[in-house]
Amino acid sequence: MDIHLSSPNPTLVSIFSNPGQVITLDANFLIPPDRSRYANKSFDFLVFQRIWLEPIFEAFPNLAIHEAVYDELVLPSVRTYIDTNINNSPPRLTIHKDSSLTAEEYMLRNSIEEKIYPLTKYDPLLDNKDDRGEVKSLAYIAVKGLIYFATHDSNTVQLIEKAEEWMTGLDNVQVIKMYELIFYLYKTDKSENKALRMLYKYQYYLTSHEKQKNPEWGQFINAMEALYPVFN
């Protein structure tokens with residue numbers, strides 16, 4: 001995934017100012033990344049939990065996932081961790097369920113899904129797993145007026161950022177990218193800087209293509225601090 005640092009993301013500014021807003025997560029924010037075809041090893045879940053998941057859950061008290069994303073969390077360690085956060089008192093994670101929609105909301109949700117899914121690998125007739133979580137999540141939050149969706153998927157980012165051009169019905173949804181929250185955790189001292197640098201490199205600066213397109217860690221931090229001077 002390419003990093004774009006041409007202009008600040010108003011969403012990041014907003015959650016810096018008010019981290020208590022509802023943020024709906026894609027599955028790729030919760031599952032340890034595995035790029036072992038490019039690196040010698042993948043992220044161990046316990047390491048991912050310590051440097052990423054726990055800081056995110058501590059920083060943002062109103063995280064949520066759609067039930068379709070929950071179904072994607074088949075790794076036992078991930079499912080156990082997520083269930084623990086759902087069942088915590090008070091819950092640290094909520095589930096968006098389509099059963100909570102009114103009849104009118106359900107019709108609107110279906111109309112938005114019909115606009116989104118042709119631009120993805122998901123086919124409602126097959127109900128296949130590819131991109132199912134993203135499509136269901138986006139349609140739900142668009143109907144419910146929930147603004148923020150956090151994802152590490154480049155096509156999902158485009159569904160949101162090109163909503164008007166692609167007529168996806170997601171005009172009021174805003175995207176949060178993983179590298180933006182890596183920067184957030186760095187600036188707020190919510191996680192270890194060395195570990196965040198390792199995660200950043202693993203996700204954005206691992207292949208020769210990424211090294212040509214994306215800045216290395218120091219350049220990334222300097223560029224982000226220039227875009228968001230209010231947080232320096």
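Numbers here are sequence positions counted from 1.
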Could you check whether any side-chain N or O of Ser191 sits under 3.5 Å from a backbone N or O of Ile51, counting only pairs where one atom can act as donor and the other as acceptor? yes
Donor-acceptor check, side chain of Tyr228 to backbone of Asn9, threshold 3.5 angstrom: yes or no? yes
Look only at the side chain of Ser14 and the backbone of Pro10, and say whether a donor-acceptor pair between them is shorter than 3.5 Å. no
Within the distance-only criterion (no hydrogens, no angle test), does the side chain of Asn155 pair as donor or acceptor with the backbone N or O of Thr120 below 3.5 angstrom? no
Cationic N near anionic O, under 4.0 Å, Lys129 to Glu72: no
Any donor-acceptor pair under 3.5 Å from Arg109 side chain to Val143 backbone: no
With a 4.5 Å heavy-atom cut-off, do Tyr200 and Ile3 have their side chains touching? yes
Under a 4.0 Å N-O cut-off, is there an ion pair linking Arg50 with Glu192? yes
Could you check whether Phe16 and Tyr184 have their ring centres less than 6.0 Å apart? yes
Is there a donor in the side chain of Tyr70 and an acceptor in the side chain of Asp83, or the other way round, less than 3.5 Å apart? yes
Does Arg35 use its side chain to pair, donor to acceptor, with the backbone of Gln203 at less than 3.5 Å? yes
For the side chain of Arg79 and the backbone of Val74, is there at least one donor-acceptor N/O pair under 3.5 Å apart? no
Non-hydrogen side-chain atoms of Lys162 and Thr168 separated by less than 4.5 Å: no
Does the pair Asp2 and Tyr204 meet the rule for a side chain to side chain donor-acceptor pair (under 3.5 Å), with working shown? CA-CA 7 Å; Asp2 293 348; Tyr204 299 102; over 6 Å; no
Please confirm whether the backbone N or O of Ala195 pairs with a side-chain atom of Trp52, one donor and one acceptor, at under 3.5 Å? no
Check: Met1 main-chain N/O paired with Asn214 side-chain donor or acceptor under 3.5 Å: yes
Carboxylate-amine/guanidinium contact Glu161 Lys177, below 4.0 Å: yes
Criterion salt bridge (charged side-chain N to carboxylate O under 4.0 Å, His left out) against Arg132, the qualifying member of Asp26, Asp127, Asp123: Asp127
Using 4.0 Å as the upper bound for N to carboxylate O, is an ion pair formed by Arg92 and Glu54? yes
Asn28 side-chain N/O to His152 backbone N/O, donor-acceptor pair under 3.5 Å: yes
For the ring pair Tyr179 and His4, is the centre-to-centre distance below 6.0 Å? no
Any non-hydrogen side-chain atom of Leu12 less than 4.5 Å from a side-chain atom of Ile176? no
Test side chain to side chain donor-acceptor pair (under 3.5 Å) on Ser36 and Asp34; report intermediate values, then the result. CA-CA 6 Å; Ser36 52; Asp34 183 0; 2.8 Å; yes
Phe48 ring center near Tyr81 ring center (under 6.0 Å): no
